[in-house]
Amino acid sequence: MNTEIETIIRIALEEFGKVISKNKAASVEIEEIEEQPSGNYLVTLGYWIKDTKPEPDPGTLAAKMSGLQSLTGDLLNPWRRKYKRVEIDPKKGKVVAIRMYEPALGVS
């Protein structure tokens with residue numbers, strides 16, 4: 001692997017780690033690395049993250065529905081696959097932007 005690409009990946013993962021550490025995501029995977037006409041790189045990162053919805057008040061319909069979650073298993077899976085795109089300027093050696101990303105339907 002090209003040392004420039006290794007550096008791009010390292011920068012992307014370090015900066016993304018600063019953002020995502022609070023949310024306790026599962027391992028981060030590099031989905032795609034794309035060079036832009038501007039010379040910047042877009043690194044698409046995929047990760048699993050647990051929904052951080054608050055616990056419902058006892059006795060409410062929402063509480064009863066969450067009780068059903070243990071019975072339904074994967075139907076109401078609290079883990080979601082999410083993606084971010086990290087734009088890196090290799091000349092400056094830093095991240096320009098971190099954006100949300102939704103792949104086209106049917107892409108996993």
Side-chain angles (χ1 to χ4, degrees):
M1 186 183 300
N2 180 327
T3 55
E4 182 177 327
I5 298 297
E6 289 177 7
T7 303
I8 302 275
I9 292 170
R10 181 186 51 77
I11 292 168
L13 291 174
E14 285 175 0
E15 286 299 314
F16 184 68
K18 292 175 186 176
V19 174
I20 204 66
S21 63
K22 297 176 233 168
N23 296 330
K24 299 181 181 161
S27 64
V28 177
E29 299 169 0
I30 298 165
E31 301 287 332
E32 180 181 28
I33 301 172
E34 178 183 335
E35 186 173 4
Q36 298 294 100
S38 65
N40 290 355
Y41 284 85
L42 285 178
V43 179
T44 304
L45 302 172
Y47 58 99
W48 288 95
I49 190 163
K50 192 169 185 175
D51 281 345
T52 55
K53 296 177 185 169
E55 291 294 320
D57 293 330
T60 63
L61 179 60
K64 292 175 186 173
M65 293 300 290
S66 69
L68 289 175
Q69 182 174 355
S70 61
L71 299 174
T72 58
D74 291 337
L75 182 62
L76 299 173
N77 186 353
W79 289 89
R80 302 287 178 244
R81 183 78 172 159
K82 298 212 175 181
Y83 301 88
K84 296 280 186 186
R85 289 190 114 180
V86 181
E87 184 175 352
I88 298 166
D89 183 342
K91 294 174 188 156
K92 295 179 182 176
K94 67 178 193 173
V95 171
V96 176
I98 298 177
R99 298 182 186 94
M100 293 180 68
Y101 175 70
E102 289 294 327
L105 290 176
V107 176
S108 59

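Values below: every heavy atom of this structure, side chains too, minus hydrogens, waters and symmetry copies.
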In terms of hydrophobic clusters joined by side-chain contacts under 4.5 Å, are Ile8 and Val96 together? no

Residues Ile11 and Gly93: closest non-hydrogen pair is CD1-O, 3.5 Å

In short, Tyr83 meets Gly46 closest at the heavy-atom pair CD2-CA, 3.7 Å

Report yes if the side chains of Leu42 and Ile33 come closer than 4.5 Å at any heavy-atom pair, otherwise no. no

Pair Tyr41-Ile5, side chain to side chain contact (heavy atoms under 4.5 Å, CB included): steps then yes or no: CA-CA 9 Å; Tyr41 284 85; Ile5 298 297; 3.7 Å; yes

Please output the side-chain donor-acceptor pairs of residues 97-104 that fall under 3.5 Å, not counting sequence neighbours, one pair per line with the distance.
from, atom 1, to, atom 2, distance (Å)
Arg99, NH1, Glu87, OE1, 3.0
Arg99, NH2, Glu87, OE1, 3.2

Working for side chain to side chain contact (heavy atoms under 4.5 Å, CB included), residues Lys82 and Trp48: CA-CA 6 Å; Lys82 298 212 175 181; Trp48 288 95; over 6 Å; no

Pairing of Glu15 and Lys84 as salt bridge, 4.0 angstrom limit: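 So Glu15 does not pair with Lys84 through a salt bridge.
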
Check the pair Glu31 / Leu45 against side chain to side chain contact (heavy atoms under 4.5 Å, CB included), numbers first and verdict last. CA-CA 5 Å; Glu31 301 287 332; Leu45 302 172; 6.0 Å; no

Can you list the residues that meet the salt bridge (Lys or Arg N to Asp or Glu O under 4.0 Å) rule with Arg10, with sequence neighbours excluded? Glu14

Spacing of Lys94 atom NZ and Asp89 atom CG [to the nearest 0.5 Å]: 8.0 Å

Filter on salt bridge (charged side-chain N to carboxylate O under 4.0 Å, His left out), then keep only pairs touching residues 33-47, sequence neighbours left out; what's left? Glu34-Arg85

Would you confirm whether the ring centroid of Tyr47 sits within less than 6.0 angstrom of the ring centroid of Phe16?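 Centroid separation for Phe16 and Tyr47: below 6.0 Å.
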
Apply side chain to side chain contact (heavy atoms under 4.5 Å, CB included) to residues Ile30 and Val43 and explain how you reach the verdict. CA-CA 7 Å; Ile30 298 165; Val43 179; 4.3 Å; yes

